[in-house]
Undergrad: 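Following this message is one structure expressed as structure tokens.
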Amino acid sequence: MEENKYDAIVVGSGISGGWAAKELTEKGLKVLMLERGKNVEHVKDYVNATKGVWEFPHRGERTQQMITDYPKLRRDYPLNEKNLDWWANDKDSPYTEVKRFDWFRGYQVGGRSLLWGRQSYRWSDLDFEANAKDGIAIDWPVRYKDIEPWYSYVEGFAGISGNKDGLSVLPDGNFMPPMELTCVEKDVAERIKKEYKGERHLIIGRAANLTVQDGRAPFENRPGCQFRNKCWLGCPFGGYFSTQSSTLPAAQKTGNLTLRPFSIVTKVLYDKDKKRATGVEVLDAETNKTYTYTAKIIFLNASTFNSAWILMNSATDVWPDGLGSSSGQLGHNVMDHHLGVWAGGQVEGYEDKYTYGRRPNGFYVPRYQNIGGKNKRPYLRGFGYQGGSDRSGWSRGIPELSLGASFKEAILEPGSWGIGMGGFGEILPYYDNKISLDKNVKDKWGLPVLSMDSELKDNEYKMRVDMLNDAKEMLERAGVKNIYGNDGDGTIGRGIHEMGTARMGKDPKTSVLNKHNQIWDAPNVFVTDGSFMVSAACVNPSLTYMAFTARAVDFAVSELKKQNL
């Protein structure tokens, strides 16, 4: 093989990039995977994974210096002492805001697959048909039946624990055994089901955590979840799905993968005569030297906004707004899930019960609004809830406020049970929710940054009223006491589920990609991270990225063999 020449290039090493590399290498292609950040080796580089909170200088919390140094990251939980270097540095990689957007990124091998919440849900036809039925944006070019076998395929490799609940709004999957609801959650679930005559359900979350380990493929090197609930520090047991624990070892096993960290892809190289991409240009993040790599096919998996950024910088001699911009949709239709609405309360009784271990998962209340003509609301689409219950323990004691032997003895006994839930609502795909290049501001490497111009609109604000009121009502009807609630600011980006910017569709005049995730204007370039999403649903999207990536690779390799690319 010629130096710098490959069969395929994968840009990005997160959830979708890892899948692209695995599938392409297993189909026999020589693949270069480019990652803009540093390498993180499985187990070896999980330096904080086994530490107790007392082993961190500031008990794992943020310092005043960190708050000064990370003005964007400080806006939510990512700013902490435990895994700070797995979140993108605000100073090195800034962005500008026409409207506030909380963008939390992971720039290292594995990307945010090391940091994600692991909630893994299938879409249903309710989701794929929603735009067409509501007359919003454009119709999806696929339906559930097209993606169903790919959901099963990726679930079987990633390892998704869950229960078969038989809900049309949330199709069952290829599951490992579910984690268990607590005794409180089980009783609350029964009361909710009874109170709402089977139209609302509280189920155990479906999570990418292994609950069984029998030594067989594809989990032979993953001992399984230890219920430590330290997933965001890297799991030395491979208990949850990440690039490092799953797709990267599979790709490396083939001998067909070359991994190059510290490689910032600045553009896709495009041959306007052949109407094909020829490769990519890379800026070495350590040396600032520029390199060119060529390939027959390219998969962009740099994350929703960064893939759009690459396209905006590519083929500008043909399209001033970049490769894939001929439809006028590149960078538009930004989506996320809006959250920050939650409710909770105390549960009386169960004083003879306690939890064992630290379950790295919670419960889920699937969407029940605007379905089949029932539960009609004054807005489109809907929301679900994620939550949990637990019994307070010694941590409820505050040493600075209490002293004495009797106090110490008291906090050795468990406190009361509590339960809470937070809403995840769908944001509609608005054309004027967009990102663009801000050429007046440069990052550490002299590259233009992204400018954010997106916001929640009337549909989402109406939804948030119900998200709060419904949560409080459900808990009350389930017998929960001392209920409290909160409606946060709803800042877009806080869900860390960026979607849109290079949507797929049926017509090159209204979409960037076709139904196979190919760029209409460059059919050997595939985009399979969150960029391709046409709508957002209200469930976590990563499982859908996995399924579409595996499907796109299958199609790409087939077309390559037919010499259509």
Side-chain angles (χ1 to χ4, degrees), residues 12-18 35-42 45-49 51 53 56-97 100-119 229-235 240-245 261-264 285-286 301-307 309 336-337 339-340 360 435 441 443-445 447 449-450 452 491-499 529-530 540-542 545:
S13 62
I15 284 176
S16 63
E35 167 55 50
R36 66 176 293 150
K38 66 180 181 180
N39 192 20
V40 174
E41 291 187 34
H42 187 44
D45 289 330
Y46 304 155
V47 294
N48 291 331
K51 286 184 180 179
V53 66
F56 294 93
H58 305 96
R59 301 299 182 261
E61 301 299 324
R62 58 184 62 181
T63 65
Q64 290 303 310
Q65 188 63 51
M66 289 163 61
I67 291 171
T68 299
D69 292 344
Y70 297 87
K72 302 289 175 53
L73 208 59
R74 63 185 282 183
R75 295 174 178 176
D76 208 349
Y77 75 90
L79 184 60
N80 71 87
E81 187 180 29
K82 295 179 181 179
N83 61 7
L84 181 60
D85 63 341
W86 285 358
W87 296 100
N89 185 301
D90 287 351
K91 289 184 178 180
D92 292 348
S93 303
Y95 62 95
T96 60
E97 298 164 289
R100 177 173 167 174
F101 193 104
D102 293 357
W103 190 23
F104 305 136
R105 301 151 287 168
Y107 291 163
Q108 64 274 325
V109 171
R112 287 179 298 191
S113 79
L114 291 169
L115 299 161
W116 67 311
R118 306 167 310 285
Q119 295 296 290
N229 195 22
K230 292 187 175 184
C231 310
W232 54 89
L233 303 179
C235 182
Y240 71 91
F241 171 86
S242 67
T243 296
Q244 274 84 348
S245 70
F262 294 112
S263 301
I264 303 173
E286 293 183 299
N301 301 93
S303 82
T304 296
F305 291 170
N306 284 320
S307 287
W309 181 92
D336 185 29
H337 290 129
L339 53 155
I435 59 173
V441 178
D443 66 12
K444 176 183 177 180
W445 299 274
L447 301 169
V449 306
L450 282 174
M452 309 299 184
T491 301
I492 190 170
R494 193 73 60 81
I496 321 185
H497 295 160
E498 310 98 70
M499 291 172 273
D529 55 24
N540 303 55
S542 295
Y545 304 165

Undergrad: One pair to check against side chain to side chain contact (heavy atoms under 4.5 Å, CB included): Leu114 and Gln108. What are the steps and the verdict?
TA: CA-CA 9 Å; Leu114 291 169; Gln108 64 274 325; 4.3 Å; yes
Undergrad: Please report the shortest heavy-atom distance between Ala302 and Ser307, naming the atom on each side.
TA: N-OG, 3.1 Å
Undergrad: Could you list the residues that satisfy side chain to side chain contact (heavy atoms under 4.5 Å, CB included) with Trp116, not counting sequence neighbours?
TA: Ile15, Arg118, Ser120, Ala208, Tyr240, Phe241, Ser542, Met546
Undergrad: Return the minimal non-hydrogen interatomic distance between Tyr107 and Ser93, and the atom names on each side.
TA: CE1-OG, 3.8 Å
Undergrad: Nearest 0.5 Å, please: how far is CZ in Arg74 from CD in Gln64?
TA: 8.5 Å
Undergrad: Tell me every residue that passes salt bridge (charged side-chain N to carboxylate O under 4.0 Å, His left out) with Asp443, counting only those two or more places apart in sequence or in another chain.
TA: none
Undergrad: Quick one: list whatever passes side chain to side chain contact (heavy atoms under 4.5 Å, CB included) with Asp336, sequence neighbours left out.
TA: Ile427, Ile492, His497
Undergrad: Taking side chain as C-beta onward, heavy atoms only, is Ile435 less than 4.5 Å from Phe101?
TA: no
Undergrad: Looking at residues at least two apart in the chain, or sitting in another chain, which of them share a salt bridge (charged side-chain N to carboxylate O under 4.0 Å, His left out) with Lys38?
TA: Asp85
Undergrad: Give the minimum heavy-atom separation between His337 and Pro541, together with the two atoms involved.
TA: CE1-CD, 4.2 Å
Undergrad: Can you run down the salt bridge (Lys or Arg N to Asp or Glu O under 4.0 Å) pairs that involve residues 59-73, sequence neighbours left out, and say none if there aren't any?
TA: Asp69-Lys91, Lys72-Glu97
Undergrad: By side chain to side chain contact (heavy atoms under 4.5 Å, CB included), which residues pair with Ile496, not counting sequence neighbours?
TA: Tyr77, Trp87, Phe104, Arg112, Glu498
Undergrad: Would you please test Gln244 and Ser113 for side chain to side chain contact (heavy atoms under 4.5 Å, CB included) and show each step?
TA: CA-CA 8 Å; Gln244 274 84 348; Ser113 79; 4.2 Å; yes
